[in-house]
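Beneath this line is the structure, given in structure tokens, with notes to follow.
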Amino acid sequence: MREGDAADAPGFLERLRAGDAEAFEELVASHQHRVFGVALRMLGSAAEAEEVAQEAFLRAHRSLAEFRGDAKLSTWLYTIVSRLCLNRLASGDRRAVRGGEEILLRIADARGGPDAHAESGELEAALHRAIAELPEERRVVIVLRDLEGLSYEEIAQALDLDPGTVRSRLHRARTDLRGKLERFLP
């Protein structure tokens, strides 16, 4: 089942609420990569992202009865994972794991020569560093909007914010990123 299909399938929510293990497996399978991706981009650590993604699905399972259905299931999952990430980022005892593959998952680009590949890798690393350096409230909106493709309304709902606040934080985040990545811009 692809993402989005689960939320739109007739009776899917009822199956979930009834404790149908197969339905929950479908939910996890259809959303696990994006939930993990949000956590990874927010936390910068694959190990922490995996923990948070698992916790997000556990919390979703425990809270299915409370899900009103006002939002899509995916938006509800983003709400859970975003809040877990923000809580972890705010905790004083968070491990500051930084380095190599923990910061980002590299995507090999077979096009271009060694120079193009090196420049692309440098830009990608700079972008991920710049996102990681953003304040949490800006980082979460840039991840959810520009990397995950959520609408302003979905982000507002997921983070319990006014859509105007989402737009404002997104604008400030993009301005910050533009400043940090100036040397890569034409």
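Numbering starts at 1 and runs along the sequence shown. Heavy-atom basis, side chains included; hydrogens, waters and symmetry copies ignored.
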Closest non-hydrogen contact found for E154 with S151 is OE1-N, 2.9 Å
Can any side-chain N or O of R145 pair as donor or acceptor with the backbone N or O of L150 at less than 3.5 Å?
-> yes
Under 3.5 Å donor-acceptor, Q54 side chain and E51 backbone = no
Candidates I80, L77, L64 - the one meeting side-chain contact (heavy atoms from CB on, under 4.5 Å) with R59 = I80
Taking the side chain from R15 and the backbone from D20, do they hold a donor-acceptor pair closer than 3.5 Å?
-> no
Identify the heavy atoms of Y152 and R167 that sit nearest to each other, and give their distance.
-> CD1-NH2, 3.6 Å
About how many Å separate CG of L144 and CZ of R41, when rounded to the nearest 0.5 Å?
-> 10.0 Å
Interatomic spacing from CD in E136 to CZ in R169 - rounded to 0.5 Å = 11.0 Å
Would a 4.5 Å heavy-atom cut-off, applied to side chains only, mark T175 and R172 as touching?
-> no
Verify, without hydrogens or angle tests, whether S30 (side chain) and L27 (backbone) share a donor-acceptor contact under 3.5 angstrom.
-> yes
Are M42 and L58 connected, step by step, through hydrophobic side chains (Ile, Leu, Val, Met, Phe, Trp, Tyr) whose heavy atoms are closer than 4.5 Å?
-> no
Go through L159 and V141 one step at a time and tell me if the side chain to side chain contact (heavy atoms under 4.5 Å, CB included) criterion holds.
-> CA-CA 9 Å; L159 300 177; V141 294; 4.0 Å; yes
Taking every non-hydrogen atom, the tightest pair across F12 and E26 | CE1-OE1, 3.5 Å
Between CG of L43 and CG of L84, what distance do you get to the nearest 0.5 Å?
-> 9.5 Å
Would Q157 and W76 satisfy side chain to side chain contact (heavy atoms under 4.5 Å, CB included), going step by step from the backbone distance to the final call?
-> CA-CA 8 Å; Q157 195 169 33; W76 182 61; over 6 Å; no
Do the side chain of S168 and the main chain of G164 share a donor and acceptor less than 3.5 angstrom apart?
-> no
Min side-chain heavy-atom separation E137-L161 under 4.5 Å = no
Determine the minimum heavy-atom distance between F36 and A46, stating which atoms define it.
-> CE1-O, 3.7 Å
Stepwise side chain to side chain contact (heavy atoms under 4.5 Å, CB included) check, R139 with I131 | CA-CA 6 Å; R139 185 181 328 150; I131 290 172; 3.9 Å; yes
Check the side chains of R83 and T79 for a donor-acceptor pair under 3.5 angstrom, ignoring hydrogens and angles.
-> no
Non-hydrogen atoms of L177 and A130 that approach each other most closely | CD2-CB, 3.5 Å
Which of R138, K180, H128 passes side chain to side chain donor-acceptor pair (under 3.5 Å) with E133? It is K180
Any idea which heavy atoms bring A39 and C85 closest together, and the distance?
-> CA-SG, 3.6 Å
With distance as the sole test, does S63 use its side chain to make a donor-acceptor pair with the main-chain N or O of E66 at under 3.5 Å?
-> no
Going through the checks in order, is the side chain to side chain contact (heavy atoms under 4.5 Å, CB included) test met by L134 and I142?
-> CA-CA 9 Å; L134 289 172; I142 202 93; 4.0 Å; yes
